[in-house]
Amino acid sequence: MHWGLDVIELEDVGYNYGGGALFSNLSVQLAPGSFYFLTGPSGAGKTTLLKLCYGALTPTTGRVRAFNMDVRGLDRDQMAYLRRRIGVVHQDCRFLDHLPVVENIALPLTVSGRGLQNEQGNLQELMTWVGLSERRDALPPELSGGERQRAALARAVILSPDVIIADEPTGNVDWEMSQRLLRLLVELNHMGKTILVATHDMSLIRAAKNQVQARVLRISNRQLQLAGADL
Amino acid sequence: MSAFRKLIVGDAQADRVVPPSGFTAQLTLFAAGAMAFLCVFALALSLASGRVAHRWSEELARAATLRINAPAEQRAAQTEAALEILRQTPGVASARALSSDEQAALLAPWFGADVPLDTLPVPQLIEVTEADIGYDATGLRLRLQAEVPGAVLDDHTRWRRPLVDAAIALRRLGVVSIVLIGGAMAAMITLAANAALAANAQVIEVLRLVGAQDSYIAQAFVRRFTLRALSGAAVGMVLGMIGVWLMPEASQEGGFLTGLGFQGWGWLLPLVIPLVSALVAFVATTRAARKRLGDLA
Ligand SMILES: Nc1ncnc2c1ncn2[C@@H]1O[C@H](COP(=O)(O)OP(=O)(O)OP(=O)(O)O)[C@@H](O)[C@H]1O
Ligand SMILES: [Mg+2]
């Protein structure tokens, strides 16, 4: 047990959207630098659990701590700062459709008041890293599914957050592309980032096992289990 | 102060995060322009009526006339008595009996140049000049009634007061109009800002997801609406001032109506309108954004 050192801790967390409990008494700690997969059937509550982790939802019962702060007690400014420390790739990406890709990727920089002038180099490097340097001036609706996922990943990491949470980052891309995205995530993990990826793509998890020491959490029947090594 | 400078100078990148929204922008521009235009007239009206009220009360309050209607043999004595009373009355700066030449001059337009004043029962006139503190007209009348039976004090108030009151009321209406115009503009800009905030709920959500603080999001809207109100009001003000400027010159015959303009430094006063409009927009949008962002939490 390394209580207090983990970047994200869930303690006896339960959540319901008003109806019955989606899950109850979940506890998990994400240690710094670890790589986690979160899996489970559709509708089990993977997205919900991720939202609890980055403070978009507050638990009905129990407690969520991020960087040793109780998420429930954060005011809105503190919540904004928390969002800058946790990079999120949303299941539906969420871009500003009126801004070109490059500005969407730079959005976390813009809203945190850091001018883009000093960051042009980094931005270009990041665009190249996710393979979007050719598409920098395209508008988000013009992107393919895989390009959107990569743009979302680039936006999630631009502030160099300690934690990266990705919800189905390979949801609508082919095998080739999903391998590419996985390699990007593994690279980030090697840089010391804590990674939490929700997916129901078992082959992705198997592919990852060869590259990184990943643990697999599984939600089913309202419970969270550490899945066996047999996956 | 630095927040205000940031608001004016702005951050080109920050401006782009909220999409330019069509109809709320036009609504704000138009409302600010129309209101500034009306405001120029309300301002001209209240300044002019203030001027008129001041001038009329000044001119008319200064001089009153005392008429002595008395048989010829008592006239001199009563005049003397009246002058004595006036001298003792606090608030009367001076009192002077008109000479027969002056009286003849006053009557000349009606009776010709050589009126035999001595043979006509013309009352003796005394010109009374009021001091700044003013005298108690009722008290003076009572005293004159008792001691100088033939004296009639004509202090012009009977017909002066309603005119001055009307001018003062007109000025008050002008001021009330300006306040109402400001209120209506605040209401319209609040509506427009709320519409813009509602239309951009998705954008706001994305901005929050990437770690934008409420103050940053609010600023993007506040800046826009403030600048729009400023420019709309500037155009409205210029048009309003041209309208006022095109009014005929102030003239004696035109009386009040032609005096309905700005004078001297007064021409600079409407320049305040765009600034006040910007301030109104700033406050209205800040409040709308704070409320809306609170509700969206
Ligand atoms: N805002 C909401 N209001 C009410 N119910 C919701 C809401 N969001 C999700 N749910 C319900 O909660 C359950 C879990 O949803 P969630 O999105 O967490 O599932 P998931 O595991 O991510 O599924 P998927 O694999 O399809 O993305 C679902 O039954 C869903 O219908
Ligand atoms: Mg999901």
Side-chain angles (χ1 to χ4, degrees), chain A residues 50-51 54-58 66 74-100 102-120 123 139-140 151-152 154-161 163 165 167, chain B residues 1-26 195-225 228 286-297:
Chain A
L50 296 188
K51 283 183 176 166
Y54 61 83
L57 296 174
T58 42
L74 299 183
D75 64 27
R76 297 229 290 282
D77 277 348
Q78 290 170 321
M79 187 60 78
Y81 294 131
L82 178 64
R83 296 278 166 78
R84 296 177 197 175
R85 294 185 69 181
I86 303 180
V88 180
V89 180
H90 302 271
Q91 190 163 9
D92 48 1
C93 294
R94 316 302 293 276
F95 296 111
L96 294 181
D97 288 345
H98 65 283
L99 291 184
V102 62
E103 286 182 52
N104 265 287
I105 290 175
L107 206 53
L109 284 173
T110 311
V111 303
S112 59
R114 288 159 57 175
L116 294 189
Q117 298 91 311
N118 310 329
E119 308 280 347
Q120 285 303 340
L123 196 52
L139 292 177
R155 188 181 69 184
V157 302
I158 192 155
L159 287 180
S160 192
V163 183
I165 291 178
D167 196 353
Chain B
M1 196 61 219
S2 83
F4 193 70
R5 220 197 59 181
K6 226 169 83 192
L7 187 79
I8 296 302
V9 178
D11 166 355
Q13 197 54 38
D15 273 352
R16 290 170 52 79
V17 300
V18 176
S21 39
F23 91 95
T24 57
Q26 283 147 19
L197 286 159
N200 287 300
Q202 302 270 345
V203 170
I204 291 172
E205 205 189 326
V206 172
L207 291 176
R208 281 214 168 125
L209 287 175
V210 298
Q213 287 165 274
D214 282 2
S215 55
Y216 179 90
I217 301 171
Q219 160 110 351
F221 287 93
V222 169
R223 186 176 135 74
R224 277 197 189 176
F225 280 91
R228 275 178 204 151
T286 303
R287 288 186 49 181
R290 190 167 298 159
K291 168 138 197 338
R292 191 90 200 178
L293 291 173
D295 291 348
L296 283 178

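Being a predicted model, the structure only gives us computed values, none of them experimental. A, B, ... follow the sequence lines: proteins, then strands. Residue 1 opens every chain.
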So, for B/A289 and B/L197, which heavy atoms are closest and what is the spacing to 0.1 Å? CA-CD1, 3.6 Å

Under 4.5 Å heavy-atom distance to chain B, tell me which part of A/R85 shows up: side chain, backbone, both or neither. neither

Residues A/V102 and A/L123: closest non-hydrogen pair is CG2-CD2, 3.7 Å

Under 4.5 Å heavy-atom distance to chain A, tell me which part of B/V206 shows up: side chain, backbone, both or neither. side chain

Checking A/N104 side chain against A/L96 main chain: does a donor-acceptor pair fall under 3.5 Å? yes

Student check: side-chain heavy atoms of A/M79 and A/L82 closer than 4.5 Å: yes

Measure from NZ or CZ of B/R224 to the centre of the six-membered ring of B/F221 and say whether it is under 6.0 Å with the direction within 45° of the ring axis. no

Heavy-atom pairs under 4.5 Å with chain B - which of A/E103, A/R83, A/H98 has more of them than the others? A/H98

At a heavy-atom separation under 4.5 Å, does A/Y81 approach chain B through its side chain, its backbone, both, or neither? side chain

Under 4.5 Å, counting heavy-atom pairs only, tell me which of A/L159, A/I86, A/D77 racks up the most with chain B. A/D77

